[in-house]
Amino acid sequence: MTALPLSGITVVSVEQAVAAPYATRQLADLGARVIKVERPGGGDFARRYDTTVHGQSSYFVWLNRSKESVTLDLKDPAGRDVLEQLLATADVFVQNLAPGAAARLGLDNESLTRRHDALIPCTVSGYGTHGPWADRKAYDLLVQCQTGLVSLTGTPEETARVGVSIADIAAGMYAYSGILTALYTRATTGVARAVEVSLFEALAEWMSQPAYYTRHAGTQPPRIGTQHATIAPYGAYTAADGKQVLLSVQNEREWSALCERFLQRPELTDDPRFATGSGRVAHRDELNRIVAERFLRSDSAEAMRLLDAAGIANAGVNDVREFLDHPVLAARDRWHDVGIPGAVVPALRPPADLAGVGPRMDPVPAAGEHTARVLEELGRSPAEIAALRADGVI
């Protein structure tokens, strides 16, 4: 079997919640050894977000497969000594501790690079480690609000949060790609460079299109539910059977095909109101009435068949249960079993497939499951491990 790309890379992570664990899980998927350092007596607080997956948290199961869990009290000098031993031979260190906590423990990027010149430290913060909001707590929805994302999401009457932890996911993705870049840089130049990502700046990047639009149009894109703010027709319509179908027209060729083959009104192709993309957006209400009336003459399956025949992108509006049973996931073998404490559950393979290489999808650890084994690797005797346990350090 082909070795995984990051086999031989060791990652130590003092992580919690979503952003940093998402970055390190992706490293583990590629074969890195990820040693997750958790608090004694409970571990990562994301373990207790819910209990829906056979008693385990849905967040924790998603984010922590293929990792080793070690419990350490980092406020105790003996716990910090163990962490320093781990860092001495690690390639990467990742942390997303509360503002100021890493610096107090000597785990900020600057301190770590002085002590371990081959180590790649990565800090995931809320608003950056310096600047006017460096000491401010940041959670996903707060960042969605601060970047303006919530003002774009929902209906004209009411704003809404994005239904997944999008700021955390964005930060985790950029931390992951930043670490991969730093590993490549170290391999090609010998220089280990620190990585820093903030939730705010990660999501700010994803807000670039509406930012450009607002800066130059003088007004922000409207909040219009499942419709697209700057493209029309692009949104969900209700068919005769009450089910919703979303369609998307991206250009004049597709607009012509929609008029001729679905709407069955070819004269609309060159109608001055609708002949251009900007015209269709400007006359969105009139256009939506025409499209909505046509949908009421077909059930959802027939509407989708006709749209497919016309070459118009479309999709049913699924709920989560329908997503779980999606034929693409089944046909492409995307679900694989992963162990969790006390059970086995299906989990999605990572989305990036490397030819000839299968991802590692090992079990999700119990809190502190690997503490004794890792300490033994560090040369600690059974008596020393027992003493650390008795003192509450592990």
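The analysis underlying the following values was restricted to heavy atoms, covering all of them including side chains, and did not include hydrogens, waters or symmetry mates. Note that the structure is predicted; figures quoted are calculated from it, not measured.
With a 6.0 Å radius and a threshold of 12 heavy atoms from other residues, nucleotides or ligands, Phe45 has its CZ atom above the threshold. Atom CG of Asp319 sits in a crowded spot, with more than 12 heavy atoms from other residues, nucleotides or ligands closer than 6.0 Å. Counting non-hydrogen atoms of neighbouring residues, nucleotides and ligands closer than 6.0 angstrom, the CD atom of Glu158 reaches no more than 12 such neighbours. Within a 6.0 Å sphere centred on CD of Gln250, heavy atoms belonging to other residues, nucleotides or ligands number more than 12. Other residues, nucleotides and ligands contribute over 12 non-hydrogen atoms within 6.0 Å of the OH atom of Tyr127.
The existence of a salt bridge linking Asp362 and Arg65 is excluded, since no basic side-chain nitrogen approaches an acidic carboxylate oxygen closer than 4.0 Å. Remark: Asp76 does not engage Arg80 in a salt bridge, criterion side-chain N to carboxylate O under 4.0 Å. A salt bridge between Lys36 and Glu68 is absent, with no side-chain N of the basic residue lying under 4.0 Å from a carboxylate O of the acidic one. A salt bridge links Asp271 to Arg273: one of the charged nitrogens lies within less than 4.0 Å of a carboxylate oxygen. Using a 4.0 Å cut-off between charged side-chain N and carboxylate O, Arg334 and Asp353 make a salt bridge. Using a cutoff of 4.0 Å between basic side-chain nitrogens and carboxylate oxygens, Glu157 and Arg223 are not scored as salt-bridged. The pair Arg289-Glu286 does not count as a salt bridge, with every side-chain nitrogen at least 4.0 angstrom from each carboxylate oxygen.
Residues Arg186 and Asp91 have side chains in contact (heavy-atom distance under 4.5 Å, counting atoms from C-beta outward). For the pair Pro40 and Val393, the minimum side-chain heavy-atom distance is 4.5 Å or more. Taking the side chain as every heavy atom from C-beta outward, Asp108 and Thr123 never approach each other to under 4.5 Å. Side-chain atoms of Ile120 and Leu183, non-hydrogen and from C-beta on, do get closer than 4.5 Å to each other.
Although no hydrogens or angles enter the test, the distance criterion places a donor-acceptor pair under 3.5 Å between the side chain of Thr147 and the main chain of Gln144. A donor-acceptor pair under 3.5 Å links the side-chain atoms of Thr371 to the main chain of Thr71, judged by distance alone. Between the Ser7 side chain and the Leu4 main chain, a donor and an acceptor come within less than 3.5 Å of each other. Counting only distance, with no hydrogens or angles, the side chain of Gln244 and the backbone of Ala239 share no donor-acceptor pair below 3.5 Å. Side chain of Arg48 to backbone of Gly42: a donor-acceptor contact under 3.5 angstrom is found. Although no hydrogens or angles enter the test, the distance criterion places no donor-acceptor pair under 3.5 Å between the side chain of Gln146 and the main chain of Val143. Although no hydrogens or angles enter the test, the distance criterion places a donor-acceptor pair under 3.5 Å between the side chain of Arg360 and the main chain of Ala32. In this structure, Ser151 contributes its side chain and Gly148 its backbone to a donor-acceptor pair below 3.5 Å. Of the possible polar contacts, none joining the His116 side chain to the Leu112 backbone as a donor-acceptor pair under 3.5 Å is found. At least one donor-acceptor pair under 3.5 Å links the side chain of Gln16 to the backbone N or O of Asn96.
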What do the steps show when you test Phe200 against Trp133 for ring-ring contact (aromatic ring centres under 6.0 Å, His included), and what is the final call?
CA-CA 10 Å; Phe200 179 77; Trp133 283 30; 7.2 Å; no

Candidate pair Phe295 and Phe262, rule ring-ring contact (aromatic ring centres under 6.0 Å, His included), full reasoning
CA-CA 9 Å; Phe295 266 94; Phe262 181 71; 5.1 Å; yes

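No hydrogens or angles considered: nothing links the side chains of Arg294 and Gln264 as a donor-acceptor pair under 3.5 Å. Between the side chains of Thr269 and Arg265, no donor N or O sits under 3.5 Å from an acceptor N or O. A donor and an acceptor atom, one from each side chain of Glu201 and Ser198, are located under 3.5 Å apart. One side chain, Thr24 or Lys67, offers a donor N or O that lies under 3.5 Å from an acceptor on the other. Side chains of Asp81 and Gln85: no donor on one and acceptor on the other come within 3.5 Å. At a cut-off of 3.5 Å, with distance as the only test, a side-chain donor of Glu38 or Ser69 sits close to an acceptor on the other residue. Side chains of Tyr237 and Asn288: a donor-acceptor N/O pair is present below 3.5 angstrom, by distance only. No side-chain donor from either of Thr51 and Gln56 sits under 3.5 Å from a side-chain acceptor of the other. Donor-acceptor pairing under 3.5 Å is lacking for the side chains of Gln95 and Ser13.
Applying side chain to side chain contact (heavy atoms under 4.5 Å, CB included) to Pro233 and the options Glu254, Gln227, Arg280 leaves one that passes, Arg280.
To the nearest 0.5 Å, atom OG1 of residue Thr89 and atom CG of residue Leu378 are 7.0 Å apart. Of the inter-residue distances, the one linking Tyr213 atom OH with Leu152 atom CG reads 11.0 Å to the nearest 0.5 angstrom.
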